[in-house]
Each structure stands twice: as C-alpha cells, then as structure tokens.
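Letters go in sequence order (proteins before strands), and every chain restarts at 1.
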Amino acid sequence: MYRHLERRLAQHVRDFLRRTYDIDLPRIVIEQPPKVEFGEYALPLAFELAKKLRKAPRKIAEEIVAGIGPVEGFTKLEVAGAGYINAYINRQELAAALVKGEEPRSDTPAGKILVEHSSINPNKAAHIGHLRNAVLGDTFVRLLRFAGREVDVQNYIDNTGVQVADVVVGFLHLEKKSRAEIEQLTRQLRFDYYCWDVYARTSQWYEQDKQNLQVRSQTLHALEEGGNETAAIAELISIAVLRRHLETMDRLDIEYDFLPRESEILHLHFWDAAFQKLKDGGVLFYENEGKNKGCWVMRRAGTSKTKSAGILANDKQDSEDSEVSEEDQKVIVRSNGTVGYVGKDIAYHLWKFGLLGRDFGYRKFYLYPNGHQSWISSANGEPDHPHFGDVSEIYNVIDARQAEAQNTVIEALRGLGYNQQADHYTHFSYEMVALTPRCAAELGYRLSEEDKAKAYIEVSGRKGFGVKADDLLDTLIASAKKEVDARHAQLSDSERAAIAEQIAVGALRYFMLKFTKSSVIAFDFREALSFEGETGPYCQYAVVRATNIFRKGGFDPDHFGKPSGSLASNEFAEHLQGEASNELWELWLAASKTSYIVDQCIATTEPAYLAKHAFQLAQQFNYFYHRHPILTEADEGRKKFLLYTVAVVRRELIRALEVMGITTPPVM
RNA sequence: GGGCGCGUAGCUCAAACGGAUAGAGCAUCGGAUUUCUAAUCCGAGGGUUGCAGGUUCAAUUCCUGCCGCGCCUACCA
C-alpha cells in the first residue's frame, strides 16, 4: 500500500509541475520524513526548483501546496522547514485497506528471470561462504517471486575443473583407493566431510613437490576428455558431493530447479558454437607473439577501450584489437587448444539467453521431500522435461572476487551485439565470509603472527580452513534446542526439535542477510549463535507473541476480521487521529511497507533492507506489546482496534520473514 | 604499477537515489505495576563519519589528492 500511495503522489506532482511550470522532472524524489508528525512522505523538490524558477524554495513549496488540489488517499500537503512539502496519508483508509489485505497489483514485466546461485565446486563440504551465497540467492529468488516474477533457479556445477581433479588425485594417488572402495565411501554419512580432508591433503602434497602437479594436469585432462576410468571416478565423487550440497541447502529451505554441469558444456560442444560466434564477431583474436603467443584472447573488461565511446568507427576498432597490450589481454583459449573457465562461461550465458542454438539434455536428479523435482544436465536426456534457459533477465550470485570475469562475459555479449541481453545481465556481487582470528583460534587453527593481527582471515578450502555449513547448523540447532527444552518441558522431544530447527534456520538466514552485500562478514560464533537483539529469532518471537494474544483470547489470528470486514473504516478514525495515536500509527505504517521494501530490495539487489525492515517492525511491535495490554482492555471498541493492529502486523511480519526463508514456530 | 571495494560509537554494522537532530545491535551501567511467557521493554554514557581540499541552499553520501586495509590483476576456477 505504501508503495502504491507513493507512486500516486509522484504522478500527481509530476502532472502538476508539467501543467503549471511546464517542467518535466525525470525523477520526483520522495523521502520518508524523520518523524511521523511530518507526515508519511516528504518532497524536497522545491529546493531543486528554486534555481530554475528563480524563487525562494519556501515560496515554491507554498505555491505547489496551494495549487495542487486534493490527492486521493491523502488528507493534506503541508509546507515545512525551509521548503519541504510533507504529505499526510488518510490514515483510516490505509488502515482499512491493510485489514482487508488489499494490495493494488503493480504491472510486473513479462519474461522469465534466471537466478544462478550457490555454484559450489562439488569436491568438498559447503562452508559458511557458500551459505552466504545460497541465502542471498535464495532470498533474491523469493523477492522476485513475491513481486510476481517467474524465476528459474540454477546452480552451476563445475564438475570437470581443477578442484574436482584435485580430490580425484587425492583418492587415487594419496588414499590409493579403488573405484569400488570410493563407491563404498560415497555412501557414508557426510561423504563431503571426507572429501574436505582429502582435498586439503592433496593441496599439501602438491606443495611438497611441484612435480606432483603433473598428476593434476593429467587428471584434469582426463576429466575434460570424458569416457575414461578417471572421469567415471570423478563423476562418482562429484555427484555424491553434489547430493550432499543439496541436502545441506535443503535444511535451509533452499532448492534448485536445474543443475547445469560443465561436463555438458564440453561434451555437447557448447563451446564450439560459442567459439565460432566469438571469432566471427571479432571478439576473440589470435595472439601471434609475446607471452600469450598461440592463444585466443579478448580484451579484459574494465581496460580502457574507447575514451569516446561510439564516436570512433567500429571497423577501425577491429584493426586495433591486436594492439591490446599484453596485460589487458584475457586468455580465453590456451595455446594447447583447451578453453578456460571464462570461455565456458560465455557459452553458458549465450545459452541462458537462448542465443547459442544448442540445448542441454535433461534428467531428473533430486526429488525434494516436498515433491519439487530438480533436474540435472546430461549428454543424453529424457524426452520430456521442462524448458530451461531462453530467459530475458539473469542474476548471477557470485562473490566480488569474480567481478572481472563476470564483466568479461558481459563484454563478450556486447561484442557480439547482444546489448539488450548485456543490459539485463546482473552480477549480484557480494563480499566473502571470513573468520575472525579469535574464531580461527577456537577452531584449532594455528595462526601466524601476521594473521593474528588481521581483522579477518579468508577461509580456504585448499587449506581445509573454514567452518562447514552443516557443522554450523548443527551447533545452532543444539544451542536452540537447549533454550527450547528449558522453556517448554511439556512439549514432546520431536516438537521441541522441530522448533529448535526453525529457530536455528531463522538465526542463520537472518545473520547472512543483515549485512549489506559489500561488507565482508568477519564470522564469529558468538554473534552468529546469538538469539537476541537484531536476529532472526527476535523477529520470530514477535510473531509468536502476536499469536499468543489471539490464542489466549480465543481468536483465529489468520482470519480475524476477514470475512465481513466488520470494522467500518470510520471506526478506525477515533483511534488513529491526534497526537496520541502517532505511536500506534507508526506501527500500522511500518506494516504497510512490505511491497515497498521488496521493490527496493530488487531494484538495488540488496536483501539486507528487508532484514532491517523485519527487525524494525518486530521492534516496534515489541514496544507496542509492552505498552498496550490488549486482552484486559476495558473499552471493547479499542480492544478490537488493538487486535486488528496485532493481526495486521503479525501477517506482514510473517510475509516479510517468508521472503527471507524464515518460518515461525508455534511457540518459543 | 593498474583495476575494484572499504574506512562511521569500545566491538559488529545501518543510513537506496545528496536532505530535517548520523541510527541499531552487542558490550558496560541503572531500571521494568510477577502481565497477552523477560529469547522482551525502558533509560544512561559513548561520534571531528580516516585526513585535507572542492562542488552545493544542503555532503557519511558527489569530485580531487593523500593515508590505511582488503580483493582482483595466472595459458587456475
């Protein structure tokens, strides 16, 4: 509702400016006043217009307020300060709409969106860094779906890369395991933990003797080639680890629709098709000299190309391409003819946009307990399958360190003339999760003096240094279970366990969302394990409290006031008018912002705003809860109004938490 | 060296598009009619927003320079 009123106000102002001053502002800035006494929206536009109209801002503001006329849904506009225009919402109208759950639908753009996230190398257990990726990605998917968009979720599996090769080397050359033995091992509980150690040991083994690296490249070659014993073992391992990753993420209610694998990019010759296009389009060029001699290279994204973009003739550019300095070159095809990661990624992204002219084969892979089917790529697929790819927008949830690679893919699309697709290619970039030195020490890692002095230390799968996702979840659940046990001894153990799990997931998902993407999370158990203050459980608890009021009062919170809308809007009036009601009104206002916040999260690809909003709503509710005993309220009319307040806040809080993938326990 | 990002309270972080008195949580200290369960609430202290300039009616936000930190800069992914 809040969003809807904002748009209406903006449109009204825009029309008025055009009519009266013949001015077209590209954007009408609308802010939220610091206090509700100043209304619900504030427009600083008089300051902006002062120069154009050569009048004092205050004067302009007064003119606008006097001339603009009534705006539906608002009671008044008012000039404040040096020239702000404050707009006041018609409170009882908004409240009545909220009770009914009315939300004017805004037109959603057509076209399917593809979100790629997680994309964990299938060679070891997932760690907290992967958790941040998956939670951000999954929440963004939920945000888009909330906004009415159709979304496909993909998790790219690099099953033929160096990391898988390394763990294969570990099993074959260090562990000396046979294929049968490995197959046996894949069936053990948490096989990914086993791989975690094997991978770390293999990395050490390479460092002991650089000669050992030859084994790696032989293995890697075999994987890329396919159709051999080594590749079969790699398949065994990577599939088993992938299943573990899906299980881990499912604990957090994170699911995928499709799992495209690098092996199919290779074996279905996606790259060949892309390579041809890139050569034809002049994006790639062959280097005849220097250190990149014999490679197909392209200009690295972000290196200066045209200072006067679009002015120089394009054909002149082509002849200059070969003059791209060595350090500005990105090798796409190595001199031995093999293609690097960026090249495969370009092919994959041409496919995503339906520009490649080839498709994967598809097989059913993983059936979630809720019945959702996840598909995997395959050289020869099943005849009947859903249609993936061929989308109009994509978001890639990939950490900030890969920004350059991502930009190179985008530049390749542009180079091929696919500007529209490039414009709808978003690198959803976020910073890594690192460990505080204290946390690392607690985990038993020996630190150098240099590391101890740092604010945080980067996790490293290669070194086996990090916190595993399942371990963190287990710890959180155990910790939550202790609290639940202490509070609800009367419940059965399975009930308590279920609640503990909801709380643990709420705590974890909220923790991963509360930081803005650009902030490095310095992970610390004390903070992550907290259930108090700005946390998921705090928000869940607010909902539980709201539910309790209804339960104690003998009402159904989900249908309170619903069927007949028995409260006429004028009944709200007396409770929402005047200074004294501002505190309550602020709660209603906050509850009206869900879709507004969701839009903002999508526009800025920043889910943290939603986390912040849910917390603030919960915080305001707790304050309200403390100040207003409801069930003992003597005035029946007021009691009813307070119950409506709780019902609306509760509903909106649940909705906001759902978008973050957080459910609420029946009791806490 | 070049590219990207960051620097805000003791600690961890907010403040979208420049806007009204820079806000939360944690930690510390003090308090809450024993009630719809305190995983809660209220209060207190705590700030030269890294430094120096500039643009603007208005700068934590934009520009320039400097200082500090991180990441990227492989024929790795």
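- Searching all strands for a Watson-Crick or G-U wobble partner of A39(B) with both distances below 3.5 Å returns nothing.
- Remark: R334(A) is in phosphate contact with C76(B), judged by side-chain N or O atoms under 4.0 Å from OP1 or OP2.
- Checking K454(A) against T436(A) by side-chain atom types alone, no donor-acceptor pair falls below 3.5 Å.
- Here Y456(A) lies in heavy-atom contact (under 4.0 Å) with sugar-phosphate atoms only.
- Look at CG on D166(A): it is 13 Å from P on C76(B), rounded to the nearest Å.
- Comment: E264(A) engages R261(A) in a salt bridge, judged by a side-chain N to carboxylate O separation of less than 4.0 angstrom.
- Using a 4.0 Å heavy-atom distance criterion, E458(A) is classed as a sugar-phosphate-only contact.
- Contacts of K293(A) with the nucleic acid, taken as non-hydrogen atoms under 4.0 Å apart, include base atoms.
- Inspection of the T547(A) and R650(A) side chains reveals an N or O donor paired with an N or O acceptor under 3.5 Å.
- Within the nucleic acid shown, A42(A) comes within 4.0 Å of at least one base atom, counting heavy atoms only.
- Here G18(B) sits opposite no nucleotide as a Watson-Crick or G-U wobble pair (both hydrogen-bonding atom distances under 3.5 Å).
- The listed nucleotides are U21(B), U40(B), A20(B); the one nearest the side chain of E532(A) is U40(B).
- If you run side-chain contact (heavy atoms from CB on, under 4.5 Å) between S238(A) and each of N121(A), D158(A), N159(A), only N159(A) comes through.
- Heavy-atom distances to RNA chain B give each of H626(A) and E527(A) a nearest nucleotide, and the one nearer the 5′ end belongs to E527(A).
- A side-chain donor-acceptor contact under 3.5 Å links N622(A) and Y538(A).
- Within 3.5 Å, no donor on the side chain of R401(A) pairs with an acceptor on the base of C72(B), nor the reverse.
- Judged by Watson-Crick or G-U wobble contacts below 3.5 Å, the nucleotide U61(B) has no partner.
- Checked by distance alone, Y41(A) brings no side-chain donor or acceptor within 3.5 Å of a matching partner on the base of A20(B).
- The phosphate of A39(B) (OP1 or OP2) has a side-chain N or O of R487(A) nearer than 4.0 angstrom.
- One C1' atom belongs to A44(B), the other to G7(B), and the distance between them is 29 Å to the nearest Å.
- With no hydrogens or angles considered, no side-chain donor-acceptor pair links T535(A) and E532(A) at under 3.5 Å.
- Contact annotation: K552(A) side-chain N/O to U37(B) OP1/OP2 distance is under 4.0 Å.
- G83(A) comes within contact range of no nucleotide atom at all, as no heavy-atom separation falls under 4.0 Å.
- A gap of 12 Å separates the P atoms of U8(B) and U49(B), to the nearest Å.
- Within the nucleic acid shown, I503(A) comes within 4.0 Å of at least one base atom, counting heavy atoms only.
- Pair check for A74(B) finds none; no Watson-Crick or G-U wobble contact set falls under 3.5 Å.
- With centroids closer than 5.5 Å and planes inclined by less than 30 degrees as the test, F38(A) and the base of A20(B) pass as a stacked pair.
- The side chain of K35(A) contributes no N or O atom lying less than 4.0 Å from OP1 or OP2 of A20(B).
- Look at the C1' atom in both A27(B) and U33(B): the space between them is 29 Å, to the nearest Å.
- The side chain of L631(A) lies closest to C36(B), out of G70(B), C36(B), C75(B).
- When rounded to the nearest whole Å, the span between CG of L223(A) and C1' of A77(B) equals 13 Å.
- Using a 3.5 Å distance cut-off with no hydrogens or angles, the side chains of Q204(A) and K463(A) do not pair a donor with an acceptor.
- Using P as the reference atom, G23(B) and U60(B) are 13 Å apart when rounded to the nearest Å.
- Comment: E442(A) engages R438(A) in a salt bridge, judged by a side-chain N to carboxylate O separation of less than 4.0 angstrom.
- Looking only at atom types and distance, the side chain of T663(A) has a donor-acceptor partner in the side chain of Q502(A) under 3.5 Å away.
- Under the Watson-Crick or G-U wobble criterion, with both distances below 3.5 Å, G46(B) is left unpaired in every strand shown.
- The base of A20(B) sits within donor-acceptor range of the side chain of N86(A), with an N or O pair under 3.5 Å.
- The side chain of Q619(A) contributes an N or O atom lying less than 4.0 Å from OP1 or OP2 of G25(B).
- Residues K593(A) and Q616(A) bring no donor and acceptor atom of their side chains to less than 3.5 Å of each other.
- When each of N548(A) and V520(A) is assigned the nucleotide of RNA chain B with its nearest heavy atom, V520(A) is the one assigned upstream, toward the 5' end.
- Going from atom NZ of K344(A) over to atom C1' of C75(B) covers 13 Å, rounded to whole Å.
- Remark: U33(B) base-pairs with no nucleotide in the shown strands. Criterion, Watson-Crick or G-U wobble with two distances under 3.5 Å.
- Checking the phosphate oxygens (OP1, OP2) of C41(B), a side-chain nitrogen or oxygen of Y538(A) falls inside 4.0 Å.
- At the heavy-atom level, Y623(A) lies under 4.0 Å from the strands shown only through sugar-phosphate atoms.
- Side-chain atoms of S335(A) and base atoms of C75(B) include a donor and an acceptor less than 3.5 Å apart.
- Distance, L435(A) CG to U12(B) C1': 15 Å, rounded to whole Å.
- At the heavy-atom level, R545(A) lies under 4.0 Å from the strands shown only through sugar-phosphate atoms.
- One atom, NZ of K454(A), and another, C1' of C6(B), lie 16 Å apart when rounded to the nearest Å.
- Taking 4.0 angstrom as the limit, Y541(A) places a side-chain polar atom (N or O) nearer than this to OP1 or OP2 of A39(B).
- Summarising the geometry, the separation between CG on N407(A) and C1' on C71(B) is reported as 14 Å, rounded to the nearest angstrom.
- Within 4.0 Å of V164(A), counting heavy atoms only, lies no atom of the nucleic acid at all.
- Comparing A9(B) with G65(B), their P atoms are spaced 26 Å from each other, to the whole Å.
- Rounded to a whole Å, the CD atom of Q616(A) is 12 Å from the P atom of A16(B).
- Distance check on atom C1': G31(B) versus G45(B) gives 15 Å, rounded to whole Å.
- Between the side chain of K514(A) and the base of U12(B), no donor-acceptor pair under 3.5 Å is found.
- Taking every side-chain heavy atom of K51(A) into account, U56(B) is the closest of A16(B), C75(B), U56(B).
- Searching all strands for a Watson-Crick or G-U wobble partner of U55(B) with both distances below 3.5 Å returns nothing.
- Across all strands shown, R526(A) has no heavy atoms under 4.0 Å from either base or sugar-phosphate atoms.
- Following rounding to the nearest Å, F511(A) (CZ) and C13(B) (C1') show an atom-to-atom distance of 11 Å.
- Residue contacts shown for H488(A) include a base, since a base heavy atom lies under 4.0 Å away.
- Under the Watson-Crick or G-U wobble criterion, with both distances below 3.5 Å, A24(B) is paired with U12(B).
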